[in-house]
Amino acid sequence: MASEETQNKPTEQSSSELLASAKLVADAAQSTLRNESDKVDKTKVADAAGDLLDAAGKYGKLDGQQGIGQYVDKAADYLHQYQDKAAAPSQPADSKPEEGGGLGGLASLAGGFFKK
């Protein structure tokens, strides 16, 4: 089972890569506050935010199976899978949108940050 978890987890990020991710997220936040959100590559920002959450879980030694660690893992996975709605194909009309599930709306809240 451990090998299964290892295959699903992204590779570890170096300190310089984490700093670059933090800078990207901070720059996106500043652009959004200046009403320049159209200049933000939301997919890259979501992936960078996912990298930061992965690092927080690792360095904070959070348990991915219980407590807050499971929510950090789910949020990071959601962010890594995020695709800009303009670039991604639309959802079929007969399918239902996914609910926040066990995240208590955290996923929808995080998704709302990336909307125009």
Give a yes or no on whether the backbone of Ser14 and the side-chain of Glu17 come within a donor-acceptor separation of less than 3.5 Å.
-> yes
Verify same cluster id: Leu52, Leu19 (apolar side-chain graph, 4.5 Å) | no
May I ask whether Val25 and Tyr59 are part of the same hydrophobic cluster, defined by side-chain heavy atoms of I, L, V, M, F, W, Y residues being less than 4.5 angstrom apart, directly or through others?
-> yes
Given side chain to side chain contact (heavy atoms under 4.5 Å, CB included), test Asp73 with Gln65 step by step and report yes or no.
-> CA-CA 9 Å; Asp73 281 350; Gln65 302 301 317; 5.8 Å; no
Polar side-chain atom of Lys44 near backbone of Leu24 as donor-acceptor pair, under 3.5 Å = no
If you measure from CG on Leu62 to CD on Gln70, what distance do you get to the nearest 0.5 Å?
-> 11.0 Å
May I ask you to test the Asp47-Leu79 pair for a side-chain heavy-atom distance under 4.5 Å?
-> no
Take Asp27 and Lys23, measure what salt bridge (charged side-chain N to carboxylate O under 4.0 Å, His left out) needs, and give me the verdict at the end.
-> CA-CA 6 Å; Asp27 289 345; Lys23 182 180 182 331; 2.8 Å; yes
Do Leu53 and Tyr71 have side chains that get closer than 4.5 Å, going by heavy atoms?
-> no
Which heavy atom of Ala76 sits nearest a heavy atom of Gly50, and at what distance?
-> CB-O, 3.8 Å
Sorted by chain and residue number, the side chain to side chain donor-acceptor pair (under 3.5 Å) partners of Gln30 (sequence neighbours excluded) come out as none
